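Take a look at the structure below.
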Amino acid sequence: MNKNVRKAVIAGNWKMNKTRPEAKELIEAIKPLAENAGCEVVVCVPFTNLETAVNAVKGTNIHVGAQNCHFEKSGAFTGEISADMLVELGVEYVILGHSERRQYFGETDETVNKRLKAALAAGLKPIVCVGELLWERECGITEEVLGKQCKLDFFGISPEDMRKTVIAYEPVWAIGTGRTATADQAQEACKYIRDVIASIFGADVAEAVTVQYGGSMNAKNAAELLSKVDVDGGLIGGASLKAPDFGEIIKAASV
Ligand code: PGA
């Protein structure tokens, strides 16, 4: 990453894992490992763990995120959580448009865009996930897919809000599969995303925006992925559930 203009963001995506006592234990184990981090450290925990996590990170440099939020402020949306509800709890970040949400829960670029606007209006820092399917990569349309997602997901966002938005490039074929994109593939895609942002919001915004890589990032491959100039951190699933591994990734992002 370009350290002169951006700070790496290392975010753990715990997905549907950990009860409250387990969450507290994991955060306690992460605390000393994050203490001298030269990057932003975030844990995105299940809704039920948010309050526990917010209390557990008090006085530390760890930030708490949720894994989704609804686009309306309130109303008849059974099972949903609004951005304001997250802010009131002390939550700072929210993951939006994760491929598992798109794949299993019918989320579309249109609803991701609406959620993004709601999250930004509430003062949350969104982490918006984009990425191609294996089939799309094999057909040679990775750039088209990323371009389309960025144009739709970030439609109507102000340049100031775009600066506050973290983008996570997550090739769907690399998520939870143990099959990581090569550092060159990650760099190529993150650079392309930055170019798309430049074409919409201008070069200044594109230089300032954080573009993470996500998909089987772990203690072993993090340093190489993070050495790439356009890879500004990581969104980490499996490896974020093991404190020593997450600690190694924080270390790799801090050099
Ligand atoms: P993974 O998940 O690190 O387990 O591949 C990444 C993610 O889904 O954000």
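One-based numbering, in listed order, for ligands and for the atoms of each. Everything numeric here is computed off the predicted structure, so don't read it as measured data.
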Check for me whether [X] has a heavy atom closer than 4.0 Å to any atom of ligand 1.
| X | result |
| --- | --- |
| G215 | yes |
| S216 | yes |
| A168 | no |

Test your reading of the structure: does K15 have an N or O sitting under 3.5 Å from an N or O of ligand 1?
yes
Take the angle between the ring planes of Y213 and Y169 and call it parallel below 30°, perpendicular above 60°, tilted in between.
tilted
Please list the nearest protein heavy atom to atom 9 (O) of ligand 1 with its residue and the distance rounded to 0.1 Å.
E170 OE2, 2.7 Å
Distance from S254 atom OG to K251 atom NZ, nearest 0.5 Å?
9.5 Å
Rounding to 0.5 Å, atoms OG1 (T52) and CD (E22) come to a distance of 11.5 Å
Answer yes or no: is there a donor N or O on one side and an acceptor on the other, between the side chain of D232 and the main chain of V211, under 3.5 Å?
yes
Taking E107's backbone N and O only, do any of them form a donor-acceptor pair with T111's side chain (distance below 3.5 Å, no angle check)?
no
Go through ligand 1 atom by atom and flag the ones less than 4.0 Å from a non-hydrogen atom of [X].
| X | result |
| --- | --- |
| A174 | 5 (O) |
| G238 | 1 (P), 3 (O), 4 (O) |
| H98 | 7 (C), 8 (O), 9 (O) |

Test: E28 and K31 ion pair at under 4.0 Å:
yes
Would you call D109-R102 a salt bridge at under 4.0 Å N-O?
yes
Name the option, out of G12, G176, G237, that contains the heavy atom nearest to atom 5 (O) of ligand 1.
G176
Salt bridge (charged side-chain N to carboxylate O under 4.0 Å, His left out) between E160 and R163: does it pass, once the steps are laid out?
CA-CA 5 Å; E160 302 87 80; R163 282 175 187 268; over 6 Å; no
Which segment of N13 sits under 4.0 Å of ligand 1 when only heavy atoms are counted:
side chain
Where on C129 is there a heavy atom closer than 4.0 Å to ligand 1, on the side chain, on the backbone, on both, or on neither?
neither
